[in-house]
Protein chains: 2
Amino acid sequence: MTKIDDVARLAGVSTATVSRALRGLPTVSAATRRRVLAAAEQLEYAVSPSASRLAGGRTGTVAVVVPRITRWFFGVIVETVEEFLHQAGYDLLLYNLGGRERIRQRVLRTANLHKRVDGIMLVATPLRPADLTALGALDLPGVIVSSGTGVPGWPCVRIDDVAAARTATRHLLDLGHRRIAHISGDPDDELAFTTHLDRRRGYRDALRAAGLHPDPSLDVESQFTIDGGTRAAEELLRRGDPPTAIFAACDEMAMGAMTALREAGLRVPQDVSVVGIDDHDLAGALGLTTIAQPAAEQARLAARLLLDPLGGRVLDPLAAPAGDGPPGIPVILPTRLVVRESTAPPRAH
Amino acid sequence: MTKIDDVARLAGVSTATVSRALRGLPTVSAATRRRVLAAAEQLEYAVSPSASRLAGGRTGTVAVVVPRITRWFFGVIVETVEEFLHQAGYDLLLYNLGGRERIRQRVLRTANLHKRVDGIMLVATPLRPADLTALGALDLPGVIVSSGTGVPGWPCVRIDDVAAARTATRHLLDLGHRRIAHISGDPDDELAFTTHLDRRRGYRDALRAAGLHPDPSLDVESQFTIDGGTRAAEELLRRGDPPTAIFAACDEMAMGAMTALREAGLRVPQDVSVVGIDDHDLAGALGLTTIAQPAAEQARLAARLLLDPLGGRVLDPLAAPAGDGPPGIPVILPTRLVVRESTAPPRAH
DNA sequence: CTGAAAGCGCTTACAG
DNA sequence: CTGAAAGCGCTTACAG
């Protein structure tokens with residue numbers, strides 16, 4: 001493999017000049033740069049990342065940490081960030097936590113990310129005090145997407161989960177529902193994150209604002225998955241006196257709940273209305289009413305907030321968004337209610 | 001940050017010994033190893049990846065290339081491979097092609113992967129002759145998942161796409177269908193891969209075996225997405241005299257087709273039966289009959305085939321599968337028909 | 001604008 | 001089993 005010395009020799013300059021020319025530093029004459037570029041091309045020279053990192057201290061790599069890439073929201077985030085990062089010349093190191101607590105520790109504790117990346121994107125990642133200490137010790141720039149815990153000095157991009165849940169619940173209230181169940185995340189989950197707490201709060205807020213008392217027997221905790229939604233809905237039905245409507249904390253849970261309802265012989269929305277949050281790819285196919293959240297926009301904005309301080313050569317920078325506050329103050333992106341066929345007024349008794 | 005010299009000093013040995021002890025090389029006495037490990041722990045030492053790579057020539061990183069991580073199959077592959085790689089001590093560099101032809105070139109051509117990874121996993125990636133040349137020049141071990149083009153010397157893990165399609169089609173034939181449509185991939189797609197060609201072949205084989213002539217007007221090309229399925233089904237309906245059954249080349253297309261059928265006022269399966277391939281997460285929720293393929297197993301096996309030659313310290317090696325042939329001969333994993341509610345006999349006329 | 005030289009932090013023969 | 005020394009292939013002050 002050709003190395004920088006070969007290029008230097010062919011171009012008739014020093015390796016320092018080759019290095020400068022190839023990286024586009026301004027302190028190189030146009031003629032020299034041309035010669036260097038030609039030589040590099042002719043030799044098909046590619047810089048050695050390890051050597052460049054060791055000497056220069058930059059890794060050109062960003063770590064992206066998600067709970068489960070197979071969930072719709074996280075898939076969209078990673079896909080969008082990947083494009084953005086590669087356009088900006090960065091590599092993407094993927095960490096899929098997948099509920100494996102030990103791996104999560106390994107990722108977040110100093111050792112693994114140490115000197116491995118220039119920046120970190122944490123998506124819906126729950127942080128304990130020890131994690132925060134470890135991240136602080138890393139002394140790297142980072143960005144938070146979608147709630148989870150905040151890190152001092154890191155910007156955060158998210159939606160207003162409380163408001164989204166409130167809107168979903170109010171939609172059901174407006175249709176005339178009074179027995180509205182809620183399916184949400186399991187606080188005992190090792191990877192519990194704050195999202196489900198906020199969404200439960202919005203649900204309760206909306207009920208109270210309508211003069212209703214949240215009924216604990218209508219509030220079921222489960223996993224943020226299709227299966228979790230199915231099991232939660234089964235549990236609800238087992239309790240007897242089923243609700244006339246269900247607000248699930250995410251679309252995947254809502255879809256799982258729809259399956260359970262159908263298996264139980266209940267029709268959606270005639271017998272039970274269902275609403276979720278996300279606007280999942282398949283929400284349309286299933287006719288699911290939901291609160292749409294802008295996943296790709298959150299990803300793009302977060303990537304930009306991360307790369308800007310890194311001096312990333314972003315090819316297609318976004319216009320500065322209105323809500324683009326200083327680091328630490330979360331940037332809140334808007335959500336919107338999308339009414340489909342899974343919600344309707346309750347049947348008259 | 002502490003470096004190897006600090007550890008060497010504290011342990012009272014040379015840096016060479018620290019390096020050996022930390023990597024578990026056998027040529028270190030037990031007592032020395034203990035002292036080194038204690039010193040490293042006390043100083044919270046973490047090896048610098050760049051320095052280690054430059055000196056050692058190994059990157060401890062694997063590139064995983066997928067067409068679109070948001071598609072069910074690719075999401076499962078990445079999630080499974082990620083766990084396997086991290087357990088084995090490797091980092092995962094993610095490349096999501098996303099239909100961006102230029103990026104694909106950048107990834108596959110020598111420069112980018114050069115000295116950046118120890119191995120490559122190509123998932124359903126179409127390769128041109130120039131790509132094959134570039135991969136050959138990289139001189140790295142690799143593995144292919146799910147068809148696409150083969151690379152000389154690289155093992156390949158996949159299902160038998162022809163057989164899977166034949167089974168799906170025969171299921172419809174067995175139910176009594178004769179007007180069976182097929183929705184498949186777009187050969188003009190920049191990222192066209194071979195999967196859809198094999199699946200079409202299986203479809204036609206099954207029809208011919210039943211004494212039927214494949215009808216071009218029942219064969220629609222589209223994208224391997226939900227949307228693609230919807231558009232293809234709309235096109236089918238537009239042609240008049242609709243089929244009594246549709247075999248879609250993947251579950252996402254099948255789901256999209258179901259949406260289009262519903263919107264057109266047709267019931268599944270009473271008016272039109274639908275079958276896909278995959279056994280997508282939501283196939284159950286939608287009652288979709290499909291040919292299940294073992295995504296996670298393909299991923300695990302491929303990861304193992306890639307890591308073994310790399311000497312990866314795999315913590316939980318799989319038992320050697322029966323079909324584990326020598327590199328170059330594809331390992332074919334079994335599929336199975338899962339009958340749900342989306343298929344039924346055609347209505348009597 | 002350019003070059004000589006030091007240095008980034010490891011690993012690897014080589015010698016003992 | 002262990003160490004001294006060279007070397008991996010770049011980048012970065014520093015000097016000119």
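By convention in this document, chain letters (A, B, ...) are assigned in the order of the sequence lines, proteins followed by strands, and residues within each chain are numbered from 1.
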Does [N] have OP1 or OP2 under 4.0 Å away from a side-chain N or O of [X]?
| X | N | result |
| --- | --- | --- |
| A:S14 | C:dG3 | yes |
| A:S29 | C:dT2 | yes |
| A:T32 | C:dT2 | yes |
| B:T17 | D:dT2 | no |
| A:S50 | D:dC10 | no |
| B:T27 | D:dC1 | no |

Closest contact, heavy atoms only, B:R53 versus B:T61:
NH2-OG1, 3.4 Å
Quick check: on DNA chain C, is the nucleotide nearest B:L25 upstream (toward 5') of the one nearest B:A51, or the reverse? Name the residue that is more 5'.
B:A51
Nearest heavy atom decides the nucleotide; on that basis, is B:R23 or B:S48 closer to the 5' end of DNA chain C?
B:S48
Specify the separation, in whole Å, of atom [atom1] of [X] and atom [atom2] of [N].
| X | N | atom1 | atom2 | value |
| --- | --- | --- | --- | --- |
| B:D5 | C:dG7 | CG | P | 13 Å |
| A:I4 | D:dT12 | CD1 | C1' | 12 Å |
| B:Y45 | C:dG9 | OH | P | 10 Å |
| B:R34 | D:dT2 | CZ | P | 12 Å |
| B:L43 | C:dC10 | CG | P | 12 Å |
| A:L54 | C:dG7 | CG | C1' | 9 Å |
| A:R35 | C:dG3 | CZ | C1' | 14 Å |
| A:R116 | C:dC10 | CZ | P | 12 Å |

Can you identify which nucleotide, out of [options], has its nearest atom closest to the [X] side chain?
| X | options | result |
| --- | --- | --- |
| A:V28 | D:dC10, C:dT11, C:dT2 | C:dT2 |
| A:K115 | C:dT12, C:dG3, C:dC10 | C:dC10 |
| A:K3 | C:dA4, C:dC10, D:dC10 | D:dC10 |
| A:R20 | C:dC8, C:dT12, C:dG3 | C:dG3 |

Walking DNA chain D from its 5' end, the first of B:G56 and B:R33 to be reached, judged by nearest nucleotide, is B:R33
Check: A:I120 and A:L138 side chains under 4.5 Å, non-hydrogen atoms
yes
Does the pair A:R9 and A:D5 meet the rule for a side chain to side chain contact (heavy atoms under 4.5 Å, CB included), with working shown?
CA-CA 6 Å; A:R9 204 171 310 119; A:D5 309 73; 3.9 Å; yes
Short question: side chain of B:S52, backbone of B:S50 - any donor-acceptor pair under 3.5 Å?
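Pair absent, no side-chain N/O of B:S52 close to backbone of B:S50.
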Any side-chain to backbone donor/acceptor pair from B:D118 onto B:R58? Under 3.5 Å, distance only.
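Looks like no, no N/O pair under 3.5 Å.
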Using a heavy-atom cut-off of 4.0 Å across all strands, would you classify B:P49 as base, sugar-phosphate, or nothing?
nothing
Is any NZ, NE, NH1 or NH2 atom of the basic residue among A:D6 and A:K3 found under 4.0 Å from an Asp or Glu carboxylate oxygen of the other?
no
Does D:dA15 have a Watson-Crick or wobble partner in any strand here, with both distances under 3.5 angstrom, and which is it?
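Paired with C:dT2.
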Looking at the base of C:dG9, is there any donor atom on it, or on the side chain of B:R53, that sits under 3.5 Å from an acceptor on the other one?
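Per atom types, no contact qualifies.
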